[in-house]
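Presented below is the structure to which this report refers.
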Amino acid sequence: MTANASTPGKAFEYAPAPESRSAVDIAASYGLFIDGKFSEAADGGVLKTVNPATEEVLAEVAVGGEADVDRAVKAARKAFRSWSALPGAERAKYLFRIARLVQEHGRELAVLETLDNGKPIRESRDVDVPLVAAHFFHYAGWADKLAYAGRGPNPRPLGVAGQVIPWNFPLLMLAWKIAPALAAGNTVVLKPAETTPLTALRFAEICVEAGLPPGVVNIVTGAGATGRAVVAHPDVDKIAFTGSTPVGKEIIRTVAGTGKKLTLELGGKAANIVYDDAALDSAIEGIVNGIFFNQGQVCCAGSRLLVQESVADEVLAMLTRRLGSLRLGDPLDKNTDVGAINSAAQLDRIRTLAASGDDEGAERWTAPCEIPAKGFWFPPTVFTGVTQAHRIAREEIFGPVLSVLTFRTPAEAVEKANNTPYGLSAGVWTEKGAKALWTAQRLRAGVVWTNTFNRFDPASPFGGFKESGFGREGGRHGLEAYLDD
C-alpha cells in the first residue's frame with residue numbers, strides 16, 4: 001500500500017492482492033450427479049459456464065432432460081427408504097462431516113464461486129463459505145431433535161425434495177435447501193443455476209467424500225427446461241425455489257392441485273429507512289452493504305433508500321464520498337469491493353432499467369471507476385429525484401443501482417416503504433429503540449434489520465410476504481418446510 005498524493009480524498013492506493021487460481025482444479029467437462037455417480041446427459045446436451053469477469057469459458061456442463069430428472073428422482077426415492085429410517089443422530093453425523101469438509105475446502109470453494117459467479121473473493125471467502133458450513137452445522141444439531149421443531153411429537157419427512165436455486169449465492173442457497181432437507185430425513189434432487197453450476201458439482205464430490213449414501217443428494221444441471229422438469233415430476237413431494245417472481249408464479253401454476261408442498265423465496269425491493277437521529281456514519285456503511293454487496297444481486301438488497309428530509313443532503317454527500325472509494329475490478333483481488341455482473345443477460349436488464357430512470361427524469365450519479373475492457377460490469381449508481389411512480393422505484397433491478405426517496409414523518413416512511421408488491425426485507429436506522437420497534441412492526445417485510453443490513457444467521461428464519469414468496473428458510477422454521485405431522 002503506497003501513499004497517493006494525486007487523488008483528492010484518497011490517502012492510499014492498494015497494490016493488487018490476487019488470490020491464486022491454483023486453489024482450484026476445474027475439469028474440462030462435468031456430468032450430472034445421480035445416485036452417487038457422475039454421468040452424461042441422456043441426449044448428450046451440454047452448456048458452457050463462463051467467468052463473468054473475463055468471459056473465459058470455464059467448463060462444459062451436462063444439460064439434464066426429463067429422462068435424467070426421472071432417473072435422479074428414482075434414485076432419490078430409492079435412497080429415501082433407508083435414509084429416512086436412520087436415527088436422527090446418524091443423519092447428523094453425515095451433516096457434520098459435510099460441514100467440516102466445507103471448512104477444509106473453504107479456500108477452493110471460495111475461489112471457484114468467485115470465478116463462476118463474479119463476486120469479490122472477500123465475500124465468497126468471508127461470508128458465503130462460512131455461512132454454508134454454519135448451516136450444515138446448525139441442521140446437524142437439529143437432526144435428532146425434530147420432535148421440537150413445531151410439527152408435533154413425531155414428525156415425518158416428506159420424501160423427495162425438488163430444489164431449484166439461483167445464481168447470486170450458488171453455494172449458500174444450496175446449503176439453505178439441502179441441509180434442512182437432509183436433517184429432516186428427506187432426499188434431494190437439486191437443480192443449480194445454468195450460469196453457476198461449478199460449486200454445486202464440487203459439493204457433489206464433497207458428499208462422496210463424506211460417505212453420504214448414493215441417491216440422498218442428486219444434482220442435475222441445466223437451464224430453465226431442467227428446472228421445469230424437476231418441478232413437474234409427479235414423484236417429487238416438495239418443491240423449494242429461490243429466484244424471480246415471474247418464475248415463482250409459473251411454479252405455483254404447475255404444482256397447483258398436485259398435493260406437493262411448496263416454498264418460494266422470490267424478488268424484493270427493500271426499503272432502507274434512515275431517520276434524522278441515526279448514527280449517519282454507521283448508516284452509510286449499512287446503505288453501501290445493503291445495495292452494493294454482491295453487486296446488488298441480492299433478493300433482499302436495500303435498493304430503495306428512504307431518507308428523512310432534514311438529513312437528506314448530508315446523507316447524499318456522505319454516500320457519494322464513500323462510493324468514490326469503492327474499488328471495482330478483478331473479483332479475485334482481495335482489495336476488490338465490486339465485482340462483475342453475473343451474465344450478459346443480467347447486465348442488459350440492469351442497463352435497461354437504469355436507462356428508464358434517465359428517461360423518467362431521475363438524476364443519475366455514477367461512482368468514478370474504470371470499467372475493464374472484458375467482462376460484464378456496471379458501476380455503483382445512485383438515482384435521486386425518484387418518486388414512487390418511477391420504474392426504478394417499483395421494479396427489482398438486481399444490480400448496483402440505488403433509488404433515493406425522501407420522507408418527512410415516520411408514518412410517511414412506512415407508507416412509502418410498504419408501497420411495493422414485494423415484502424422480503426427492510427432496514428431501519430435510528431438511535432431510538434422505540435422508533436425502531438414502531439417502524440418494524442408496521443413494515444410488511446419478512447425480515448427487518450435495525451442499524452444493520454444483510455446480516456444472516458442459520459438460526460434465524462428468512463422469507464417474505466406478498467410477491468416475495470411464502471415459507472421460511474433457516475432456523476426451526478426452515479425445518480418445518482420439510483416435515484409432515
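Any value given below was found using the heavy atoms of this structure, including those in side chains, with hydrogens, waters and symmetry copies removed.
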*For the residue pair His138 and Trp142, categorise the inter-ring angle as parallel (less than 30°), tilted (30 to 60°) or perpendicular (more than 60°).*
perpendicular
*Quick one: does Thr452's side chain have a donor or acceptor within less than 3.5 Å of a partner on Trp449's backbone?*
no
*Measuring from Arg349:CZ to Ile341:CD1, what's the distance to the nearest 0.5 Å?*
12.5 Å
*Might you point out which heavy atoms bring Pro331 and Ala340 nearest each other, and give the distance in Å?*
CG-N, 4.2 Å
*Please report the closest heavy-atom contact between Pro180 and Leu479, naming both atoms and the distance.*
O-CD2, 3.8 Å
*Centres of the Trp176 and Phe136 rings: under 6.0 Å?*
no
*asked:* Show me the pairs that pass ring-ring contact (aromatic ring centres under 6.0 Å, His included) and involve residues 341-399, at least two apart or across chains.
replied: Trp167-Phe398
*Kindly say whether Pro52 contributes a backbone atom to a donor-acceptor pair with the side chain of Lys374 at under 3.5 angstrom?*
no
*I would like to know whether Asp277 and Lys435 meet salt bridge (Lys or Arg N to Asp or Glu O under 4.0 Å); could you show each step before the answer?*
CA-CA 10 Å; Asp277 61 355; Lys435 185 185 290 184; 3.4 Å; yes
*Give the minimum heavy-atom separation between Thr409 and Phe407, together with the two atoms involved.*
O-CD1, 3.3 Å
*Indicate yes or no for a side-chain donor-acceptor contact from Thr320 to the backbone of Ala317 under 3.5 Å, with no hydrogens or angles considered.*
yes
*Just by distance, do the side chain of Gln295 and the backbone of Val338 share a donor-acceptor pair under 3.5 Å?*
no
*Which pairs count as ring-ring contact (aromatic ring centres under 6.0 Å, His included) when at least one residue sits in residues 410-445, sequence neighbours excluded?*
none
*Does Tyr139 reach the main-chain N or O of Ala175 with its side chain, forming a donor-acceptor pair under 3.5 Å?*
no
*With under 30° as parallel and over 60° as perpendicular, where do the rings of Phe96 and Phe137 fit, or are they tilted in between?*
tilted
_Checking Arg442 against Thr439: is there a side-chain donor and acceptor pair closer than 3.5 Å?_
no
_Hydrogens and angles aside, do Asn342 and Thr195 bring a side-chain donor and acceptor to less than 3.5 Å of each other?_
yes
*Could you state the interatomic distance from CD1 (Ile371) to SG (Cys369), rounded to the nearest 0.5 Å?*
4.5 Å
*What's the shortest heavy-atom distance between Ile350 and Pro400, and which atoms?*
CD1-CD, 4.3 Å
_Under 4.0 Å between a side-chain nitrogen and a carboxylate oxygen: does that hold for Arg202 and Glu205?_
yes
_Go through it in stages, so that I can follow the logic: the residues are Glu104 and Arg100, the test is salt bridge (Lys or Arg N to Asp or Glu O under 4.0 Å), and I'd like the CA-CA distance, side-chain angles, deciding distance and then a yes or no._
CA-CA 6 Å; Glu104 289 175 18; Arg100 287 192 293 267; 5.9 Å; no
*Taking C-beta and beyond as the side chain, do Leu280 and Glu314 meet within less than 4.5 Å on heavy atoms?*
yes
*What closest approach, in Å, do Ile239 and Val230 show between heavy atoms, and which atom pair accounts for it?*
CD1-O, 4.0 Å
*Side chains of Thr420 and Lys466, donor plus acceptor under 3.5 Å*: no
*Measure the spacing between CZ of Phe203 and CD1 of Ile178 and express it to the nearest 0.5 Å.*
4.5 Å
*Decide yes or no for Lys191 and Thr221: does some side-chain heavy atom of the first lie under 4.5 Å from some side-chain heavy atom of the second?*
no
*Quick check: does any side chain N or O of Asn294 sit under 3.5 Å from a backbone N or O of Gly296, one acting as donor and the other as acceptor?*
no
*State whether Glu123 and Lys119 are salt-bridged, where the test is any N-O pair (Lys NZ or Arg NE/NH1/NH2 against Asp/Glu carboxylate O) under 4.0 Å.*
no
_Using salt bridge (Lys or Arg N to Asp or Glu O under 4.0 Å), reason through Arg125 and Glu19 one step at a time and then give a plain yes or no._
CA-CA 11 Å; Arg125 179 195 65 197; Glu19 176 62 85; 5.5 Å; no
*If you take all heavy atoms of Asn168 and Val298, which pair is closest and at what distance?*
ND2-CA, 3.9 Å
_Strictly distance-based, threshold 3.5 Å: is any side-chain N or O of Thr381 a donor or acceptor partner for the main-chain N or O of Val401?_
no
_Working to the nearest 0.5 angstrom, can you tell me the gap between Asn272 CG and Leu402 CG?_
8.5 Å
*Is Arg472 positioned over the aromatic face of Tyr482, cation under 6.0 angstrom from the ring centre and no more than 45 degrees off axis?*
no
_Side-chain donor or acceptor of Thr336 paired with backbone N/O of Gly339 under 3.5 Å_ = no
*Set of ring-ring contact (aromatic ring centres under 6.0 Å, His included) partners for Tyr30, sequence neighbours left out*: none
_When you measure from the side chain of Lys416 to the backbone of Thr406, do you find a donor-acceptor pair of N or O atoms at a distance under 3.5 Å?_
yes
*Could you pull out all residues at least two apart from Phe292 that satisfy ring-ring contact (aromatic ring centres under 6.0 Å, His included)?*
none
*Once you round to the nearest 0.5 Å, how far does CD1 of Ile284 lie from CG of Asn289?*
13.0 Å
*Taking Arg391 for the side chain and Leu353 for the main chain, is one N or O donor matched with an acceptor at less than 3.5 Å?*
no
*Donor-acceptor side-chain pairing of Asn451 and Ser282 below 3.5 angstrom*: no
*Please assess Thr196 against Thr49 for the test side-chain contact (heavy atoms from CB on, under 4.5 Å), listing each intermediate value before the final yes or no.*
CA-CA 7 Å; Thr196 54; Thr49 183; 6.0 Å; no
*For Phe241, which residues count as a ring-ring contact (aromatic ring centres under 6.0 Å, His included) partner, sequence neighbours excluded?*
none
*Got a second to check how far Arg122's CZ is from Asp333's CG, nearest 0.5 Å?*
9.5 Å
*Contacts of Ser310 that satisfy side-chain contact (heavy atoms from CB on, under 4.5 Å) - sequence neighbours left out*: Asp276, Gln308
*asked:* Looking only at side-chain N and O atoms, does Thr263 offer a donor or acceptor that is under 3.5 Å from a partner on Lys238?
replied: yes
*Thr245 versus Glu467, side-chain donor and acceptor atoms under 3.5 Å*: no
*Flag the pair Leu198 / Leu58 as yes when at least one side-chain heavy-atom distance between them is below 4.5 Å, and no otherwise.*
yes
*Determine, stepwise, if the pair Lys269 / Glu396 fulfils salt bridge (Lys or Arg N to Asp or Glu O under 4.0 Å).*
CA-CA 6 Å; Lys269 195 68 182 174; Glu396 184 181 36; over 6 Å; no
